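Below you'll find the structure, written out as structure tokens, and then a few comments.
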Amino acid sequence: MEINLKEKIKEAVKIIYNSDVKDDLIQIQETRKDFKGDFTLVVFPLLRFSKNTPEKTGEMIGQYLTKNFPAVSGFNVIKGFLNLEISNAWWVEFFKKLASEKSHIEACKVSEPETILVEYSSPNTNKPLHLGHIRNNLLGYSLYRILSGCGHRVIKTNIVNDRGIHICKSMLAWQKFGNGETPESSGMKGDHLVGKYYVLFEKNYKIQIEKLVKEGMDEAEAKNAALLMRETRDMLLKWESGDEEVFGLWKMMNSWVYAGFDETYKKLGVDFDKIYYESDTYKVGKDIVLTALKDKILYRNEDSSIWADLTPDGLDQKLLLRSDGTAVYMTQDLGTAVNRQNEFKFDKNIYVVGNEQNYHFQVLKALLKRMGYKWADGLIHFSYGMVELPEGRMKSREGTIVDADDLIKEMQTTAKEVSLELGKLSDFSDEEQEDIFRKIGMGALKYYILKVDPKKNMTFNPAESIDFNGNTGPFIQYTYTRIKSVFRKAEQMGINIEHILFSGVKAGTKEIELIKLLRKFSETVSAAAAGYSPALIANYCYELSREYNQFYHDFSILGEDDEEIRNFRLILSKVTSEIIHSGMWLLGIEMPERM
RNA sequence: GGUUCCGUAGCUCAGUUGGAUAGAGCAACAGCCUUCUAAGCUGUGGGUCGAGCGUUCGAGCCGCUCCGGAAUCACCA
């Protein structure tokens with residue numbers, strides 16, 4: 001529509017003022033609601049051609065368009081703004097076309113699809129997932145849906161941090177204090193059980209340090225000298241040398257954790273195409289580093305540790321291999337990136353990782369480019385903000401970590417309470433009801449997190465998160481179920497909404513407002529894909545729902561006597577429900593049929 | 001100290017490449033269920049867009065300087 005208008009305006013300027021205008025000088029936007037009109041041309045940039053006042057210029061272009069472009073039914077000029085009124089017939093025709101589309105996401109397909117890897121989740125195997133992981137998983141998964149919806153080939157990956165000293169901590173504590181406890185024997189979810197021993201380790205470790213400090217030892221020294229830490233380091237060495245007992249313990253405990261994670265992932269509705277384990281990839285990076293050393297891209301220190309000098313890039317010196325030859329985090333990420341490029345030939349590799357690692361990814365990219373990998377330009381750090389609580393950051397020491405499983409459960413419990421109080425589902429079986437509670441609870445949680453601009457830190461307010469009124473997931477779900485309810489009623493009346501038609505109806509202003517919003521869906525999705533921002537879609541769905549609710553409140557659909565208008569409103573409702581459903585699908589949010 | 005990000009109503013957040021009188025929700029107050037689901041709708045109050053300067057016909061958005069907050073600058077991951 002805009003493009004068409006643009007052409008006509010160019011034509012107008014050409015004929016009236018005999019000048020050629022560049023595209024970017026023709027600025028068309030939607031008319032603000034308090035003015036009459038549908039689209040607005042900002043005439044200021046065109047004054048250089050008209051050499052006239054803004055009012056006069058707008059007037060002349062407006063007259064030309066009304067005369068030569070049937071879609072433009074009228075216009076008005078206020079200050080430097082030319083408000084164009086689009087004819088009712090045009091909107092109705094446009095809507096007909098929209099209604100005939102099989103898939104609304106289809107319209108967002110890009111012309112040149114890319115191969116894109118999305119890495120998200122990246123858990124440690126010593127603790128259960130928490131609220132921060134939830135934001136990560138939801139963002140990553142939604143990004144996958146949006147990008148693949150736009151036609152890209154997207155591979156979902158997860159890199160599991162399954163080795164290292166912190167993993168040995170929970171292993172050691174279990175060995176010492178566990179008495180053979182298993183998920184089966186305790187009834188605990190595997191990741192929570194392992195997390196329990198991690199906490200137990202930290203607790204006892206702290207006691208040992210305090211004791212040593214009391215005996216006169218310096219604190220830093222005490223941290224190293226504490227028996228538990230010595231034993232842990234010993235265990236890590238055994239693990240690296242492939243000690244059978246340690247390795248067996250590691251495998252067993254990790255398998256508990258994975259079983260636990262799988263459960264949480266399933267509840268969150270996320271999954272992966274390929275899972276990488278750090279224990280497999282950490283060695284790969286070493287070769288790359290050693291090769292780069294040979295090529296003199298890196299240098300060796302006196303203590304034989306290996307470093308990169310990134311000061312020319314405005315960054316610091318970066319360690320890549322320790323003096324004992326073992327790998328660090330960066331070493332492994334170098335290896336993983338190269339591996340992935342070889343395996344998938346990706347155009348882009350998107351890392352969904354918190355903004356605390358901005359520096360890390362800056363370095364990673366700089367290093368790879370320095371090593372001559374041109375594809376390093378395709379590495380994108382999707383950096384998202386921290387989730388904070390109203391009282392500040394989550395701190396494990398103060399017990400303010402919000403556990404993922406607890407939160408999911410709480411949201412569903414609240415959904416159940418609210419639903420039962422409203423009592424609209426009494427004719428459903430318990431099983432069906434539980435499924436609806438689940439969808440509402442998860443919808444509330446997901447929407448609450450995804451509606452916020454990813455790069456901003458966000459506050460998670462527990463009291464607010466369980467409010468299902470206003471700008472929330474359940475509000476949008478509710479709008480959807482209302483439409484579905486209308487359809488059920490229509491069916492009872494013998495109307496088959498798949499086969500109804502309308503021709504030349506006169507659409508009301510509210511209906512045209514809805515059509516305008518529906519029209520914006522595909523550009524919103526494209527913007528979300530280009531800017532990696534699910535929040536745009538979330539806010540769009542909210543806006544659309546609000547608009548529909550107003551329409552629903554003001555007009556009767558099935559009570560309308562004129563069959564043409566009734567059908568028009570039914571189809572308008574149908575397209576709205578489809579687009580809300582598509583939008584929420586892109587966010588990974590399920591929609592109940594009733595609530 | 002260097003780098004990156006953030007600062008919009010009491011609170012949580014929107015605000016597309018600079019465009020008209022900066023928008024929602026929550027909280028507060030006042031209304032609307034005999035009619036398709038009231039998890040809804042309508043109205044009222046609430047703002048020097050952190051501050052200042054600059055660019056521009058026009059700045060919440062762009063540039064500079066401050067102020068405030070977060071993260072990071074590890075032989076942790």
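Small disclaimer: the values here were computed from a predicted structure and weren't measured. Letters A, B, ... are given to chains in the order of the sequence lines, protein chains preceding strands, and every chain is numbered from 1.
Side-chain contact between A:Arg488 and A:Arg594: present, with at least one pair of heavy atoms (C-beta onward) separated by less than 4.5 Å. Looking at A:Leu5 and A:Phe39, their side chains come closer than 4.5 Å, going by heavy atoms from C-beta outward. Looking at A:Val194 and A:Thr125, their side chains never come closer than 4.5 Å, going by heavy atoms from C-beta outward.
Nucleotide B:C57 holds its C1' atom 14 Å from the CG atom of A:Leu25, rounded to whole Å. Put simply, CG on A:Leu315 is 11 Å from C1' on B:U4, counting in whole angstrom units. Note: CD1 (A:Ile28) to P (B:G18) measures 16 Å, nearest angstrom. Spacing between atom NZ of A:Lys318 and atom P of B:C76 amounts to 10 Å, rounded to whole angstrom units.
A:Glu511 and A:Arg569 are joined by a salt bridge, as a carboxylate oxygen and a charged side-chain nitrogen come within less than 4.0 angstrom of each other. Contact check on A:Lys365 versus A:Asp333 returns no salt bridge, with no Lys/Arg side-chain nitrogen under 4.0 Å from an Asp/Glu carboxylate oxygen. Using a 4.0 Å cut-off between charged side-chain N and carboxylate O, A:Arg438 and A:Asp435 make a salt bridge. The existence of a salt bridge linking A:Glu547 and A:Lys33 is confirmed by a sub-4.0 Å separation between a basic side-chain nitrogen and an acidic carboxylate oxygen. Under the 4.0 Å criterion applied to side-chain N and carboxylate O atoms, A:Glu523 and A:Lys520 are not assigned as salt-bridge partners. Salt-bridge formation is not detected for the pair A:Arg322/A:Asp324: no Lys NZ or Arg NE/NH1/NH2 atom is positioned less than 4.0 Å from an Asp or Glu carboxylate oxygen. A salt bridge does not link A:Lys510 with A:Asp554: none of the charged nitrogens is closer than 4.0 Å to a carboxylate oxygen.
Note on A:Asp316: only backbone sugar-phosphate atoms sit closer than 4.0 angstrom, heavy atoms only; bases stay farther off. At a threshold of 4.0 angstrom between heavy atoms, the contacts of A:Asn83 include nucleobase atoms, whether or not backbone atoms are also involved. Residue contacts for A:Glu543: at a heavy-atom cut-off of 4.0 Å it reaches no nucleic acid atom on any strand shown. Across all strands shown, A:Asp24 has no heavy atoms under 4.0 Å from either base or sugar-phosphate atoms. Looking at heavy-atom distances under 4.0 Å, A:Val42 makes contact with a base. Using a 4.0 Å heavy-atom distance criterion, A:Ser383 is classed as making no nucleic acid contact. Among the atoms of the strands shown, base atoms are found under 4.0 Å from some heavy atom of A:Tyr552. Across all strands, A:Val418 comes closer than 4.0 Å to base atoms (heavy-atom distances).
Taking atom P in both B:G63 and B:U55, one finds a spacing of 16 Å when rounded to whole Å. When the P atom is compared between B:C41 and B:G25, the two are found 8 Å apart, to the nearest whole Å. Nucleotides B:A28 and B:G46 have their C1' atoms positioned 10 Å apart, rounded to a whole Å. For the C1' atom pair drawn from B:A14 and B:A9, the interatomic distance equals 13 Å after rounding to whole Å. Here the separation of B:G50 from B:C6, taken at their P atoms, is 12 Å to the nearest Å. Remark: the separation of the C1' atoms in B:A59 and B:G52 is 14 Å, to the nearest Å. For B:A70 and B:C61, the P atoms lie 24 Å apart once the distance is rounded to whole Å. Distance check on atom P: B:U12 versus B:G58 gives 35 Å, rounded to whole Å.
Annotation: A:Phe468 is not in aromatic contact with A:Phe475 [ring centroid separation under 6.0 Å not met].
For the segment residues 474-483 of chain A, residues with any heavy atom less than 4.0 angstrom from an atom of RNA chain B are, sorted by number, A:Phe475, A:Tyr478, A:Thr481, A:Arg482.
Side-chain proximity of A:Leu422 to the nucleotides B:A77, B:U37, B:A39 is greatest for B:A39. Looking at the side chain of A:Lys456, the nearest of the listed nucleotides B:A71, B:C41, B:C6 is B:C6. When each of B:U72, B:C13, B:A22 is scored by its nearest atom to the side-chain atoms of A:Arg32, the top-ranked nucleotide is B:A22. Closest to the side chain of A:Gln550, out of B:U42, B:U72, B:A22, is B:U42. Checking B:G40, B:A39, B:A77 against the side-chain heavy atoms of A:Ile440 singles out B:A39 as nearest. Of the candidate nucleotides B:U12, B:G19, B:C36, B:G19 has the atom lying nearest to any side-chain atom of A:Phe81. The A:Glu356 side chain lies nearest to B:A71 when the options are B:A24, B:A77, B:A71. Of the candidates B:A20, B:G15, B:U12, B:G15 carries the atom nearest the A:Leu536 side chain, counting heavy atoms from C-beta on.
Under the side-chain hydrogen bond (donor to acceptor under 3.5 Å, both in side chains) criterion, A:Glu432 pairs with A:Ser429, sequence neighbours left out.
Phosphate contact (OP1/OP2 of B:U12, side-chain N/O of A:Lys451, threshold under 4.0 Å): absent. The side chain of A:Lys79 contributes an N or O atom lying less than 4.0 Å from OP1 or OP2 of B:U21. Side-chain N/O atoms of A:Lys424 include one lying less than 4.0 angstrom from OP1 or OP2 on B:A39. Under 4.0 angstrom from either OP1 or OP2 of B:C76 there lies at least one side-chain N or O belonging to A:Arg322. The phosphate of B:U37 (OP1 or OP2) has no side-chain N or O of A:Lys484 nearer than 4.0 angstrom.
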Q: Output, in order, the C-alpha distance, side-chain angles, deciding distance and verdict of side-chain hydrogen bond (donor to acceptor under 3.5 Å, both in side chains) for A:Asn158 and A:Tyr276.
A: CA-CA 6 Å; A:Asn158 183 2; A:Tyr276 292 91; over 6 Å; no
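Taking the centre and axis of the six-membered ring of A:Tyr282, the NZ or CZ atom of A:Arg163 falls inside the cone set by 45° and 6.0 Å.
Between A:Phe44 and B:G19, a base-stacking contact is recorded: ring centres under 5.5 Å apart, planes less than 30° from parallel.
Side-chain contact check for A:Thr459 and A:Asn461: no donor-acceptor pair (N or O, by modelled atom type) lies under 3.5 Å.
Take the nearest nucleotide of RNA chain B for A:Ala327 and for A:Asp34: the residue whose nucleotide is more 5' is A:Asp34. The 5' end of RNA chain B is approached more closely, in terms of each residue's nearest nucleotide, by A:Asn461 than by the other of A:Asn461 and A:Met595.
Base orientation at B:C33 is syn, since its O4'-C1' glycosidic dihedral falls within 90° of 0.
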Please list each protein N or O that sits under 3.5 Å from an N or O in nucleotides 67-70 of chain B, with the distance.
residue: B:A70; atom: O2'; partner: A:Asn457; partner atom: ND2; Å: 3.4

Below 3.5 Å between N/O atoms, which protein atoms pair up with nucleotides 27-33 of chain B? Just atom names and distances, please.
none

Could you give the side-chain donor-acceptor pairs of residues 525-539 of chain A under 3.5 Å, partners two or more places apart or in another chain?
residue: A:Ser526; atom: OG; partner: A:Ser522; partner atom: O; Å: 3.0
residue: A:Asn539; atom: ND2; partner: A:Lys451; partner atom: O; Å: 3.3
residue: A:Asn539; atom: ND2; partner: A:Ala535; partner atom: O; Å: 3.0

Q | Paired and unpaired positions of RNA chain B as dot-bracket, Watson-Crick or G-U wobble under 3.5 Å, | denoting a partner strand | A | (((((((..((((.....[...)))).(((((.......))))).....(((((..]....))))))))))))....
